[in-house]
K.L.:
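The structure's right below; bear with me while I get my questions together.
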Amino acid sequence: MSKTGFLWQTLFAGIVLVAYVDFSGAKEASGEACVTPEVVADYVHAIIEADRTLYASLVVERMQHHGKDLVSEDWALKDKLPLPAQMLQFAGLEVERSGIGLKYRLASLWPVDKNNGPATDIERIGLQAVSDDPSTVHTSTIRGNFKAIFADKAVSEACVTCHNKHPLSPRKNYKLNDVMGGIIIQFPLK
Ligand code: HEC
């Protein structure tokens, strides 16, 4: 290769490199998404599940020796401990109140508490989809709002027994590992 040819080639490679560095820098500066909404929902879901599991194992179960009724859905009236499902709902309301746009809640097609039913057709479809196949996460984006629905399974006999015998439960035939509902997580994409 001639000396001029080599110079031109080096100059060209330099321009390409600078353009690439600038472009990737601009991408970061403009805040272009590096993590997909699906992954964000996975992160949030992992935190919710960890908190719920630990509240159930480190607080509720360890308090059982103080009496079976210590954990009660009427905790507010009786000065008792809330159920894990109630803790999750309260935490969701607290996050919603913070005004950052993130919302989450526990819902079901067969809710003990009528307020926990699907709020929209999309939620109904999503809860049905995760009930049919708990390994899927149902996602949707409507008017810039991303929503992910994760299956909520009967991981212990306690889930099954309490829901099956609850007077307000519209479904009484749950078995271990059945999908009882879903965790709905939503946040704005902008
Ligand atoms: C001691 C009774 C009890 C146990 C144990 C229990 N739940 Fe619940 N669950 C309830 C009550 C009561 C509610 C309604 C709480 C509210 O007012 O939001 C509820 C709410 C729910 C909901 C929201 C829909 C609805 O039914 O209102 C889901 C889903 C759910 N529970 C799943 C589970 C799973 C999964 C487990 C086990 C890991 C479990 N529950 C254990 C009593 C129980």
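Counting from 1, the numbers follow the sequence of the chain as shown. One-based numbering, in listed order, for ligands and for the atoms of each.
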K.L.:
Between the side chains of Q89 and N116, is a donor N or O closer than 3.5 angstrom to an acceptor N or O?
P.N.:
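Side-chain D/A pair, Q89 to N116: present.
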K.L.:
Are any of the N or O atoms of V112 closer than 3.5 Å to those of ligand 1?
P.N.:
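V112 vs ligand 1: N/O contact under 3.5 Å present.
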K.L.:
Looking only at heavy atoms, is any part of K165 under 4.0 Å from ligand 1, and if so is it the side chain, the backbone, or both, or is it neither?
P.N.:
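For K165, no heavy atom sits under 4.0 Å from ligand 1.
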K.L.:
Rounded to the nearest 0.5 Å, how far does OG1 of T36 lie from CG of L189?
P.N.:
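Spacing of CG (L189) from OG1 (T36) equals 10.5 Å.
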K.L.:
Can you name the atoms of ligand 1, numbered from 1 with element, that are less than 4.0 Å from a heavy atom of V155?
P.N.:
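Within the 4.0 Å cut-off of V155, ligand 1 contributes 38 (C).
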K.L.:
Can you find an N/O atom of S108 closer than 3.5 Å to an N/O atom of ligand 1?
P.N.:
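There is no such contact.
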K.L.:
Which of the numbered atoms in ligand 1 are under 4.0 angstrom from any heavy atom belonging to E73?
P.N.:
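Taking each heavy atom of E73 in turn, ligand 1 has 12 (C) under 4.0 Å.
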K.L.:
By number and element, which atoms of ligand 1 are closer than 4.0 Å to a non-hydrogen atom of A107?
P.N.:
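Within the 4.0 Å cut-off of A107, ligand 1 contributes 29 (C).
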K.L.:
By number and element, which atoms of ligand 1 are closer than 4.0 Å to a non-hydrogen atom of R52?
P.N.:
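Atoms satisfying the 4.0 Å criterion: 32 (C), 33 (C), 34 (C), 35 (C).
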K.L.:
Considering both backbone and side-chain atoms of S156, is one of its nitrogen or oxygen atoms within less than 3.5 Å of a nitrogen or oxygen in ligand 1?
P.N.:
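In this structure, S156 places no N or O atom under 3.5 Å from an N or O of ligand 1.
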K.L.:
In terms of atom number and element, which parts of ligand 1 are under 4.0 angstrom from non-hydrogen atoms of P111?
P.N.:
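With P111 as reference, the close atoms of ligand 1 come out as 25 (C), 26 (O), 27 (O).
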K.L.:
May I ask you to check whether Q86 has an N/O atom sitting below 3.5 Å from an N/O atom of ligand 1?
P.N.:
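It does not: no N or O of Q86 is found under 3.5 Å from an N or O of ligand 1.
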K.L.:
Is the number of heavy atoms from other residues, nucleotides or ligands under 6.0 Å of R97 CZ greater than 12?
P.N.:
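Yes.
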K.L.:
With a cut-off of 2.8 Å, does C162 put an N/O/S atom close enough to atom 8 (Fe) of ligand 1?
P.N.:
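Checking atom 8 (Fe) of ligand 1 against C162, no N, O or S atom falls under 2.8 Å.
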K.L.:
Out of V179, N115, L83, whose heavy atom sits nearest atom 11 (C) of ligand 1?
P.N.:
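Selected option, by shortest heavy-atom distance: L83.
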